[in-house]
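See below for the structure under consideration.
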2 protein chains.
Amino acid sequence: MSTSIHQVAERAGVSIATVSRAFNTPDAVHSDTRERIAQVARALRYAPNRSASTLRSRRSRTIGVVLPTLLNPVFAECFEGIAQASCEAGYAIVPYTTEYDLERERRAIAWLRERSVEGVVLTVANAANSPLLAEITRAKLPYVLLYNRHQERPCVSVDQTAAVQESVTYLHDLGHTRIAMATGSLDTSDRAQQRYDGYAQGMRALGLTPLAAAEQPFMHANTDALNALLLQAKRPTALICSNDLLAVRALRTARTMEIDVPRELSIVGFDGIALGAELTPSLTSISQPNAEIGRSGVELLLAGRTPKPRDSITLAHALRLGETVAARTSQSSA
Amino acid sequence: MSTSIHQVAERAGVSIATVSRAFNTPDAVHSDTRERIAQVARALRYAPNRSASTLRSRRSRTIGVVLPTLLNPVFAECFEGIAQASCEAGYAIVPYTTEYDLERERRAIAWLRERSVEGVVLTVANAANSPLLAEITRAKLPYVLLYNRHQERPCVSVDQTAAVQESVTYLHDLGHTRIAMATGSLDTSDRAQQRYDGYAQGMRALGLTPLAAAEQPFMHANTDALNALLLQAKRPTALICSNDLLAVRALRTARTMEIDVPRELSIVGFDGIALGAELTPSLTSISQPNAEIGRSGVELLLAGRTPKPRDSITLAHALRLGETVAARTSQSSA
DNA sequence: CTGTTAGCGCGTTCAC
DNA sequence: GTGAACGCGCTAACAG
């Protein structure tokens, strides 16, 4: 079946130890020998058996990846960054999606432990009270949070609060004052909370009163809260959405209510998914370097010592301009 | 560190062999003993070491997943189906994305062999000449193709040719006769070819002359071919796109050229990505059960014997009606 | 620089 | 129904 180290050793006229060294610590073996082993290995299509290697060395060269879903392009983009970085480092991935389900999040830990992952990169609903995160900490498993921002945890993220605050200012500069925010469930998502905080702070800094968030609890949510918001007599002229999928839905809701975007309503998303730029109108969005977030998380995890809170990385965000935002006009205030 | 089978055996007052049996062949051990072992294992948070298990039993309980990219929601949706089915079967996944790059496709095989996957589910650019597929066949590794359709390979797919043909008829029924098709690179994608074949056959069946495909070679393609198509004096009144991402781009191109969709141009996509239904206008698309394709592929792979061509599964497609298609009107022929 | 040796944790005979 | 012993393929010591 699969060729083993013995056959390579025999054909190359060396011991198995030398073959092992040729692969793992190439510098520790004579270049001629190394070359000969490489040739034999190629001829025999030898691939080292990771299970044996892991068993012996106690290094699985595998990391766990726990993400809410891959159906949201944000995480798909991030996953690609993770996969690329892991691959380059010779690490395999054990993926797990929680589907925003706490029970699944809880089950993840056993799954990861069984596969003896060396570390985990993950995004949880709420870093402050995640059962999965608690278990990971308990097991002293190295980890890096992606997207979540928490003082006492190692994280890779953008400064979401500042980002949203800046977008409020941007809209204000365009003449908007009735600015609202739509979010997912604030209770369950720390990111939604931090983004809303940015909105509230931004509004107050401009002397405006922040409105309550239009919450849309589920993934395939009803848009009741948003409908109510837009049905008001003096409805907002600008809407910030805590993620791009919500923004796409808001776009649709506006159309349904015959509200023209951006003439009557400006919309800003959050995430910067690639598809947003392809839409018509193209989505204005606070963009995060999603692949880079994944990549940095892996690099931090594999950097050597266990990542500490002070190793946290804040990457740059940017407001990606699109066609869903316009300066406020008289029409805006219908 | 991690608890081993020995500690469980000791605490339960049995030998490691019995503990092993309690997990792998529960029927072969007395129920009392089994129960006691289960309790101890839970108390000790024992999780069997997969590497050791794999090494000894030569069963990795791991399958390889090779997909072009996860940035296209089609594959993300499919991946979720794969992940779910594998998880339920107790199988882990080794994911690998080729990014439509032949060199990466070639490298995949070593990656998979190292992890000693028991089988592979994969989508290749062209099943007829894929180096990866050749290697997998050579290594006698069980596999199932997803989306690709090929007589001599085990596949899970929809009947793409019939599907597109039906959509041609559908458009014709709405009064369209100048129907065109936009595709990715026909040379490299067997799916694009089969979908185009469906278009051509559909046209001929209606006594119409199929137009050459408007090819857009790269992932982030220029839309030159499409522009040219739509700039013609007697431009098409309906456009079928070989995937939804192309359709989204077509929507944008039309808008740029001030062609109203669907009044002046009807657009039909292919894939049925969830996001399509959320767009404005919502995308009419030939939808495939993407998660189901992934799930079925895994189930077929793990069904027991090595999947054979005659095990191939054709799943049902459906035309998902949206707002990008309208009956032909006098305005259509500008 | 290279070879010898001893397990890593588990599944699997074969006895009992 | 259960236990003892072997070895899967490899890496980590140590010797040379």
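Every chain is numbered from 1 and lettered A, B, ... according to where its sequence line falls, protein lines coming before strand lines. A quick note: this is a predicted structure, and the numbers were derived from the prediction, not measured.
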Just by distance, with hydrogens left out, do Thr62(B) and Glu118(B) show a side-chain donor and acceptor under 3.5 Å apart?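 Absent: no donor and acceptor within the cut-off.
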Say whether Asn290(B) and Tyr147(B), considering side chains only, have a donor N or O and an acceptor N or O under 3.5 Å apart.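 Short answer, yes.
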I want to verify a distance call: between [options], whose nearest atom is closest to the [X] side chain?
X: Val29(A); options: dT2(C), dT12(C), dG9(D); value: dT2(C)
X: Ser15(A); options: dC10(C), dG9(D), dT4(C); value: dT4(C)
X: His30(A); options: dC1(C), dG3(D), dC10(C); value: dC1(C)
X: Arg58(B); options: dG11(C), dG9(D), dC8(C); value: dG9(D)
X: Leu55(B); options: dA13(D), dC8(D), dC10(C); value: dC8(D)
X: Ile5(B); options: dG9(C), dC10(C), dT11(D); value: dC10(C)

Just how far, in rounded Å, is [atom2] of [N] from [atom1] of [X]?
X: Glu35(B); N: dG1(D); atom1: CD; atom2: C1'; answer: 17 Å
X: Ile16(A); N: dG9(D); atom1: CD1; atom2: P; answer: 11 Å
X: Arg36(B); N: dT2(D); atom1: CZ; atom2: C1'; answer: 12 Å
X: His6(B); N: dG11(C); atom1: NE2; atom2: C1'; answer: 12 Å
X: Gln7(A); N: dC10(D); atom1: CD; atom2: C1'; answer: 14 Å
X: Arg34(A); N: dT2(C); atom1: CZ; atom2: C1'; answer: 14 Å
X: Phe23(B); N: dG11(C); atom1: CZ; atom2: C1'; answer: 14 Å
X: Arg56(A); N: dG9(C); atom1: CZ; atom2: P; answer: 10 Å

Check whether any side-chain nitrogen or oxygen of [X] sits under 4.0 Å from OP1 or OP2 of [N], and answer yes or no.
X: Ser53(B); N: dG9(C); value: no
X: Thr33(B); N: dT2(D); value: yes
X: Tyr46(A); N: dC10(D); value: yes
X: Asn49(B); N: dC10(C); value: no
X: Thr18(B); N: dG3(D); value: yes

So does Arg21(A) reach the base of dG3(C) with its side chain, donor to acceptor, closer than 3.5 Å?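 Answer yes: a donor N or O sits under 3.5 Å from an acceptor.
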If each of Val19(A) and Ala28(B) is mapped to the nucleotide of DNA chain D with the nearest heavy atom, which maps nearer the 5' terminus, i.e. the 5' end?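 So the residue in question is Ala28(B).
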Does Ser57(A) reach a base, just sugar-phosphate, or nothing at all? Heavy atoms under 4.0 Å.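 Touches sugar-phosphate only.
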Is there side-chain contact between Pro142(A) and Pro307(A), with at least one heavy-atom pair below 4.5 Å?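 A side-chain contact exists here, since the closest heavy-atom pair is under 4.5 Å.
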A quick test of your reading: do over 12 heavy atoms of other residues, nucleotides or ligands sit less than 6.0 Å from CZ of Arg104(B)?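 Correct, the count exceeds 12.
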Checking Arg115(B) against Trp111(B): charged group under 6.0 Å from the ring centre and within 45 degrees of the axis?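 Output yes; distance and angle both within limits.
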According to the interplanar angle, ranging from 0 to 90°, do the rings of Phe23(B) and Tyr46(B) count as parallel (below 30°), tilted (30 to 60°) or perpendicular (above 60°)?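 Perpendicular.
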